[in-house]
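Worksheet: the structure to be examined is printed underneath.
Only a predicted model underlies this, so the values are computations on that prediction, with no experimental measurement involved.
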Amino acid sequence: MTLPLFDDETTLEERLRMTFKSWVEHRAQSVSGVRSERPLREESATVYQEMWHAFAAYCSERKLDLARLEPQDIETFLAIRGAGDPRGKVRITTKAADLSPRYAWRLLTLIDRVCRFHAHREGTVPNTAAHDLLQRPEYRFANASHHDPLPEYYGEAQAKRLIAYLTQVRDKNGSDSPMSWKEVRDRTAVATMLGGGLTPGDVRALTLDGVCSAGGRKMNLPWKLSLPGNGNSPARETPLAEWAGRQLAFWLGIRVDLGIEGDVVFPATLSGKGWSHTACHDACKAVLAGAGMGQEAGGMYKLRHTFAVRQLAKGQSESDVARWLGLVDLNGMARYRRIVPHHVDVV
């Protein structure tokens with residue numbers, strides 16, 4: 001006798017969450033080196049879990065199990081995921097301006113893989129709703145670099161305005177109230193993306209040991225960051241702009257004064273708890289909004305793209321910039337070459 005996977009009292013949302021958990025556990029046991037089959041990195045699993053849990057809540061509300069999903073059901077979820085649910089029944093963590101084609105591609109790919117895993121486990125025909133959507137040009141090429149539009153980046157005037165905002169200090173005796181420690185943390189995190197080319201994941205992974213202040217042009221001023229490797233890029237070092245180094249030094253001083261525990265540079269709490277993907281993303285988006293740049297296209301990666309473009313425009317070699325960005329394949333620099341076409345490698 002085969003026992004049922006779920007008891008009768010398990011809700012649809014709980015079943016969908018358990019299916020996702022089983023998929024992650026199945027991947028963890030894989031010995032395959034194929035990207036779509038190998039174990040997930042902890043950070044990737046956390047991001048996918050946030051995406052899937054929102055999708056599970058949506059399906060539960062509409063009584064949609066995986067076998068009954070239609071393409072229009074998923075497209076409706078994508079629209080809600082971007083705009084927010086006016087009834088507040090589905091917790092939305094991504095704002096409309098952030099729902100990029102690549103994000104939609106990742107979500108559709110996740111749904112397709114979990115559906116196929118579920119069908120294989122149940123011995124049924126897999127639902128192809130997500131797969132069918134992935135065949136459409138707007139989704140199919142969203143993760144292909146050669147079909148990417150030119151990367152969004154800040155021009156000189158915009159960058160200067162943003163830097164002025166990030167490094168602004170509110171005096172205790174001024175008309176405005178002084179910044180909270182989290183406000184300083186958030187602005188400094190954005191500063192490392194613009195001044196050092198970090199990704200949001202790099203920001204969360206950066207440790208105190210990775211901040212290099214010795215050997216720079218200015219005494220005790222951070223000038224280089226050392227970042228751990230992950231499944232997408234190797235361990236690397238990247239230079240930090242002097243203005244960003246001053247801002248980082250300011251934040252590290254506050255961190256010491258507050259006695260914040262742990263070894264991550266940008267913790268979520270005074271006890272040193274790690275910053276979650278969603279909390280970091282939302283905090284940094286709020287900084288850009290405060291600087292008057294919250295409605296512009298490009299998202300958080302616009303900061304990293306700006307770093308790359310500025311370095312190339314100053315004459316840094318493509319190989320150096322690629323190494324600083326953590327790019328293993330120099331072909332990833334082709335998109336920047338279209339913006340800085342007359343760049344010549346410095347010998």
Thr192 versus Val203: any side-chain heavy-atom pair under 4.5 Å? yes
Strictly distance-based, threshold 3.5 Å: is any side-chain N or O of Trp52 a donor or acceptor partner for the main-chain N or O of Lys21? no
Around atom CD of Glu42, are there more than 12 heavy atoms from other residues, nucleotides or ligands closer than 6.0 Å? no
For side-chain contact (heavy atoms from CB on, under 4.5 Å), just list the numbers for Val264 and Arg204, CA-CA rounded to whole Å, side-chain angles, deciding distance to a tenth of an Å, and then say yes or no. CA-CA 7 Å; Val264 292; Arg204 300 195 305 277; over 6 Å; no
List the atom of Arg106, the atom of Val47, and the distance in Å for their closest heavy-atom pair. NH2-CG1, 4.1 Å
Looking at Ser226 and Leu206, what are the two nearest heavy atoms and their distance? O-CD1, 3.8 Å
Would Asp209 and Asp263 satisfy side-chain contact (heavy atoms from CB on, under 4.5 Å), going step by step from the backbone distance to the final call? CA-CA 8 Å; Asp209 288 343; Asp263 64 349; 5.8 Å; no
If we count only N and O atoms by modelled type, under 3.5 Å, do the side chains of Ser276 and Thr278 hold a donor and an acceptor together? no
How about Tyr154 and Arg310: does a side-chain donor come under 3.5 Å of a side-chain acceptor? no
Should Leu225 and Met219 be counted in the same cluster of Ile, Leu, Val, Met, Phe, Trp and Tyr side chains packed under 4.5 Å apart? no
What is the distance from atom CG of Leu12 to atom CZ of Arg62, rounded to the nearest 0.5 Å? 12.0 Å
Between Pro71 and Leu133, the two heavy atoms sitting closest are O-CD1, 3.7 Å
Would you say Leu258 ends up clustered with Leu208 if hydrophobic residues are merged whenever their side chains have heavy atoms under 4.5 Å apart, either directly or through other cluster members? yes
Distance (rounded to the nearest 0.5 Å) between Ser233 OG and Asp202 CG: 6.5 Å
Does a donor on one side chain sit under 3.5 Å from an acceptor on the other, for Thr76 and Asp73? no
Rounded to the nearest 0.5 Å, how far apart are NE2 of His118 and CG of Asp65? 7.0 Å
Is the shortest side-chain heavy-atom distance between Phe307 and Leu303 below 4.5 Å? no
Exercise: identify the closest heavy-atom pair between Ala56 and Arg17: CB-CG, 4.4 Å
Keeping Arg304 on the side-chain end and Leu325 on the backbone end, is there a donor-acceptor pair under 3.5 Å? yes
Under a 4.5 Å side-chain heavy-atom rule over Ile, Leu, Val, Met, Phe, Trp and Tyr, are Val184 and Leu221 clustered together? no
Single-linkage hydrophobic cluster Trp223~Leu198, side-chain heavy atoms < 4.5 angstrom: no
Between side-chain atoms of residues 237-254 and protein atoms elsewhere (two or more places apart, or another chain), which donor-acceptor pairs fall under 3.5 Å?
from, atom 1, to, atom 2, distance (Å)
Glu237, OE1, Lys224, NZ, 3.4
Thr238, OG1, Gly196, O, 2.9
Glu242, OE2, Lys218, NZ, 2.9
Glu242, OE2, Arg246, NH1, 3.1
Gln247, NE2, Thr188, OG1, 3.1
Trp251, NE1, Val265, O, 2.9

Work out which heavy atom in Ser30 is nearest to a heavy atom in Arg38; give both atom names and the distance. OG-CA, 4.2 Å
Where the side chain of Arg185 meets the backbone of Pro267, is there a donor-acceptor pair that is under 3.5 Å apart? yes
What orientation do Tyr301 and His305 show, parallel under 30°, tilted 30 to 60°, or perpendicular over 60°? tilted
Test your reading of the model: is there a side-chain donor-acceptor pair from Arg187 to the backbone of Tyr165, 3.5 Å cut-off? yes
Ignoring hydrogens and angles, write down the donor-acceptor pairs under 3.5 Å from the side chains of residues 108-115, residues two or more places apart or on other chains.
from, atom 1, to, atom 2, distance (Å)
Thr109, OG1, Trp105, O, 2.8
Asp112, OD1, Arg116, NE, 3.1
Asp112, OD2, Arg116, NE, 3.2

Could you grab the distance from atom OH of Tyr58 to atom CG of Leu64, nearest 0.5 Å is fine? 6.0 Å
4.5 Å side-chain heavy-atom contact, Met333 and Val321: yes
Check whether Trp275 reaches the backbone of Ala205 with its side chain - one donor and one acceptor, N or O, closer than 3.5 Å. no
Spatial distance of atom SG (Cys59) from atom CG (Leu69) [nearest 0.5 Å]: 5.0 Å
Report the C-alpha distance between Asn230 and Glu43 in whole Å, list the side-chain angles of each, state the deciding distance to 0.1 Å, and finish with yes or no for side-chain contact (heavy atoms from CB on, under 4.5 Å). CA-CA 9 Å; Asn230 55 48; Glu43 181 179 330; 5.6 Å; no
Return the CZ to CG distance between Phe117 and Leu66, rounded to the nearest 0.5 Å. 11.0 Å
Would you mind reporting whether Met300 and Leu288 have side-chain heavy atoms less than 4.5 Å apart? yes
Which heavy atom in Ser32 sits nearest to a heavy atom in Glu37, and how many Å separate them? OG-OE1, 3.0 Å
Measure from the side-chain N and O atoms of Ser22 to the backbone N and O of Met18, and report whether any donor-acceptor pair falls under 3.5 Å. yes
Salt bridge between Asp282 and Lys285, side-chain N to carboxylate O under 4.0 Å? no
Side chains of Ser319 and Ser317 only: does a donor on one sit below 3.5 Å from an acceptor on the other? yes
